[in-house]
Novice: 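My structure is below; once you've seen it, I'll send some questions.
Just so it is clear: chains get the letters A, B, ... in the order the sequence lines come, proteins before strands, and each one is counted from 1.
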There are 4 protein chains.
Amino acid sequence: MPRAVREQQMLDAAVRTFGQRGYMAASMDEIAELAGVSKPLVYLYLNSKEDLFTACIRREARALTEAVRAGARPELPADRQLWSGLTAFFTHTARHPDGWAVLHLQARTHGEVFAGEVAAMRAEIVAFVTQLILAAAREAHRDPDFPEREVSGLAEALVGAAESLADWANATSGVTARQSAATLMNFAWAGLGDLMAGRHWSPPEDGDAPGVQAGRTSPVR
Amino acid sequence: MPRAVREQQMLDAAVRTFGQRGYMAASMDEIAELAGVSKPLVYLYLNSKEDLFTACIRREARALTEAVRAGARPELPADRQLWSGLTAFFTHTARHPDGWAVLHLQARTHGEVFAGEVAAMRAEIVAFVTQLILAAAREAHRDPDFPEREVSGLAEALVGAAESLADWANATSGVTARQSAATLMNFAWAGLGDLMAGRHWSPPEDGDAPGVQAGRTSPVR
Amino acid sequence: MPRAVREQQMLDAAVRTFGQRGYMAASMDEIAELAGVSKPLVYLYLNSKEDLFTACIRREARALTEAVRAGARPELPADRQLWSGLTAFFTHTARHPDGWAVLHLQARTHGEVFAGEVAAMRAEIVAFVTQLILAAAREAHRDPDFPEREVSGLAEALVGAAESLADWANATSGVTARQSAATLMNFAWAGLGDLMAGRHWSPPEDGDAPGVQAGRTSPVR
Amino acid sequence: MPRAVREQQMLDAAVRTFGQRGYMAASMDEIAELAGVSKPLVYLYLNSKEDLFTACIRREARALTEAVRAGARPELPADRQLWSGLTAFFTHTARHPDGWAVLHLQARTHGEVFAGEVAAMRAEIVAFVTQLILAAAREAHRDPDFPEREVSGLAEALVGAAESLADWANATSGVTARQSAATLMNFAWAGLGDLMAGRHWSPPEDGDAPGVQAGRTSPVR
DNA sequence: AATGAATGAGGATTCATTCAT
DNA sequence: GATGAATGAATCCTCATTCAT
């Protein structure tokens, strides 16, 4: 059996095991057995548990970003692009729950190296969403000078909301990708429109900032 | 040294260690050393690693919910309540990054028992936000019959977005709690207002160009 | 509460715990709790787990030998003395199963020091039984020159059989002390009579010694 | 080195360690070292301390029963069979003192699971002895209707006596297997003959002087 | 006379990882 | 290309034992 195939089998087994057990609780024994090979072979092909996990993260990150990009076809108007990108996102995370768990739960929980891998993928998606928001503003002939940093924050929020929804959908049975996407569009799009039109929600000048909590404090670090 | 004090020291050390290393990678040795006690004492007071972790979750969950409740003062209008609740939330998660990591990253990643503990806290917060949204609708004399189930979904999305933002703010330097809260209010509040007024974003039938429509159309969910 | 009383309570608890859990599995914590005192007090009165166990052995050994001696009244004929001694023995072991377990199971299983304590008690009883057998021979006007070493061997066997029966009776419900004593008298007394009368069972000259087992051998040590 | 061989080495080491230190006091470290392997290998092959101990019990029980069966050749008369079986028994227990300690001392002292394993072996031997006693009765043309339950009780006593003697012989230097066997035959065989002939020892009614009586009287049991 | 507080030492068990073949 | 055999290094947990009060 050619090496490339064997390697994919191992990654399949690893993603499944890491996704379900968690990085630390997953044992190389279990992964090797699930892959149907002996442990030394896993080490021969993938070096170490860390490298194996990194390989999983990379493969799954690539698969996810490609799914999203493939979903959002650039010839559509911005809102439709966002809609179909989100649908692709929720579809993919629902179809590959272990991969999603690896990316969103495990990789961020077990060391900065892994978290960095995911952060790179995430940055790519945030940038993509940022472009979509700006495009939407242009299409609606709204103020094109809206500060880009603010838009990035909104994109962050939107992506974060999508991630949360994906987790929630995976944990709840009977929620389709379209439903998740619709919920998020409903929640976010009109607000974005208002924002683009210059209608902000303004925080109170002050006095409402919650006081410093008395009692135990831990330094902000 | 009296038992209660020692216990808090242990919990402090445990939250910090669990938050930084992760549940599995944290060793009882390390926790005991950080707490300045011997390992047997940790076991004497807190029984097992699982129990210790559960105790951490409970303490941090309670601290967080109390911070949020204390922030949102009920005499204010709903949007201001939400604003100050969010500010309190982001302040707390920024001040207690390890506690937040325990709640949001670790507890959800290592076993259903732990996840359940956090889910209970989360449900409480979602319910609170749901009340705020309904109150806001009433204050604005909007349709008070808006289906509560839908509102809960929106509250879920809002809480999810807040959680993501908290993670992001903790990972990014220079983001204040007020900024996070403002971003989220901007992102969500206008949209919620539109939704309350019946203006949905409708998904394309399948190939249709969507747009914001006046009047109530059949929501996807 | 006077020290002597407290000490007996501790020994009660210790005998019970040692008898049921075994020497090693019994924890000083459990013993102290069962005795209703704090652990340091146990150490204050009884020094160490080893000393505590030794104290248990001594107390139970003394109680058992005294019960047997009290049962066998010297004015009776030898067989009646043996009968009543055995009855007392089985009665006592049935009434104090934990004490018996300490003496017969635990003490012999956990180190030569403890085994020695029991061996002393046992030797006393074997000597007593030896006297009874010799007295019986005299009473029946049989050969008084029967070699004493041989008689000791018989006494050993009788005591050993009694011990086995006591274990078996404690493990089996519904066996009374009288029944056990009768079984043993039946089993042994007639044979002893025959022996005393010079009727031995003679082993074959040779040729029946079982061969050296082939295969795994472990040195006799 | 092939697995089967290593396993036997481990069992050898384990029997020796368990036999000398006791089940609880024996450490897996010590066993592994004595076997000349690392601890993980012991766990890989034998799973746990409990399983290892059970494996020891089974191996030693089988070895002992096979030694006894091989010793007692069925073509001989019953008394000679018993004699050679006993000789084989005492020879085996003397050659494998640790194995015997495991079976007779340790297994019965540390949990019902282990005790059960030994009980099965013991039952097999008791049944074998029962057959021999019945055969002896037949050979001597004695009452073949002697109640089998009573015979089983006698077999129990005989086996118990043999076990005690084996312990005693192992603890006392200079006692040969033939001597032990002879002592036991002398002790038991004539008495059995008398019993078979209906001569019981009757317990005093209560205060009566007892004696050996001809004819069958109601046995206590 | 009695105890709450505390620990050094050790034991069972698991796991990532590597040879020799 | 592939594996059976093997282990160093931790990790969780327990227990006998001791102070300071």
Novice: Quick one: which residue pairs count as a salt bridge (charged side-chain N to carboxylate O under 4.0 Å, His left out) with a foot in residues 45-56 of chain B, not counting sequence neighbours?
Specialist: none
Novice: Do you know the tightest heavy-atom contact between B:Ala55 and B:Leu11?
Specialist: CB-CD2, 3.8 Å
Novice: Is the count of non-hydrogen atoms from other residues, nucleotides or ligands lying under 6.0 Å from C:Glu33 atom CD greater than 12?
Specialist: no
Novice: Walk me through it: do C:Val102 and C:Phe53 pass the test side-chain contact (heavy atoms from CB on, under 4.5 Å)?
Specialist: CA-CA 9 Å; C:Val102 164; C:Phe53 192 46; 4.0 Å; yes
Novice: Taking for each residue the nucleotide of DNA chain F bearing the nearest heavy atom, is the 5' side occupied by C:Lys39 or by A:Leu41?
Specialist: A:Leu41
Novice: Please list residues of residues 7-33 of chain A whose heavy atoms come under 4.0 Å from any atom in DNA chain E, ordered by number; otherwise none.
Specialist: A:Ala26, A:Ser27, A:Met28
Novice: Assign C:Arg3 to base, sugar-phosphate, or nothing according to its heavy-atom contacts below 4.0 angstrom with the strands shown.
Specialist: nothing
Novice: With sequence neighbours left out, write down each residue that passes side-chain hydrogen bond (donor to acceptor under 3.5 Å, both in side chains) with C:Glu60, or none if nothing qualifies.
Specialist: none
Novice: Taking for each residue the nucleotide of DNA chain F with the nearest heavy atom, is it D:Gly36 or A:Ser38 whose nucleotide lies nearer the 5' end?
Specialist: A:Ser38
Novice: Looking at every non-hydrogen atom in both residues, tell me the closest pair between B:Cys56 and B:Phe18 and how far apart they are.
Specialist: SG-CD1, 3.9 Å
Novice: Please list, in numerical order, the residues of residues 45-53 of chain D that have a heavy atom closer than 4.0 Å to any atom of DNA chain E.
Specialist: D:Ser48, D:Lys49
Novice: Taking only Watson-Crick and G-U wobble pairs with both distances under 3.5 Å, what dot-bracket line describes DNA chain F, where [ ] shows pairs that cross earlier ones and | shows pairs with another strand?
Specialist: .||||||||||||||||||||
Novice: Which residues pass the salt bridge (Lys or Arg N to Asp or Glu O under 4.0 Å) test with A:Asp12, sequence neighbours left out?
Specialist: A:Arg59
Novice: Please identify each residue that fulfils side-chain hydrogen bond (donor to acceptor under 3.5 Å, both in side chains) with B:Gln9, with sequence neighbours left out.
Specialist: B:Arg6
Novice: Can you list every pair that meets salt bridge (charged side-chain N to carboxylate O under 4.0 Å, His left out) and has a residue in residues 17-31 of chain B, with sequence neighbours left out?
Specialist: B:Arg21-B:Glu30, B:Asp29-B:Lys39
Novice: Test of understanding: with side chain to side chain contact (heavy atoms under 4.5 Å, CB included), list the residues that count as partners of D:Leu34, not counting sequence neighbours.
Specialist: D:Ala13, D:Arg16, D:Thr17
Novice: Among all residues two or more places apart in sequence or in another chain, which pass the salt bridge (Lys or Arg N to Asp or Glu O under 4.0 Å) test with C:Arg108?
Specialist: D:Asp167
Novice: On DNA chain F, which is the earliest and which the latest nucleotide, 5' to 3', with an atom closer than 4.0 Å to a heavy atom of chain C?
Specialist: F:dA16 to F:dC19
Novice: Are the ring centres of A:Trp100 and A:His96 closer than 6.0 Å?
Specialist: no
Novice: Sequence neighbours excluded, which residues qualify as side chain to side chain contact (heavy atoms under 4.5 Å, CB included) partners of A:Met24?
Specialist: A:His110, B:Met24, B:Ala25
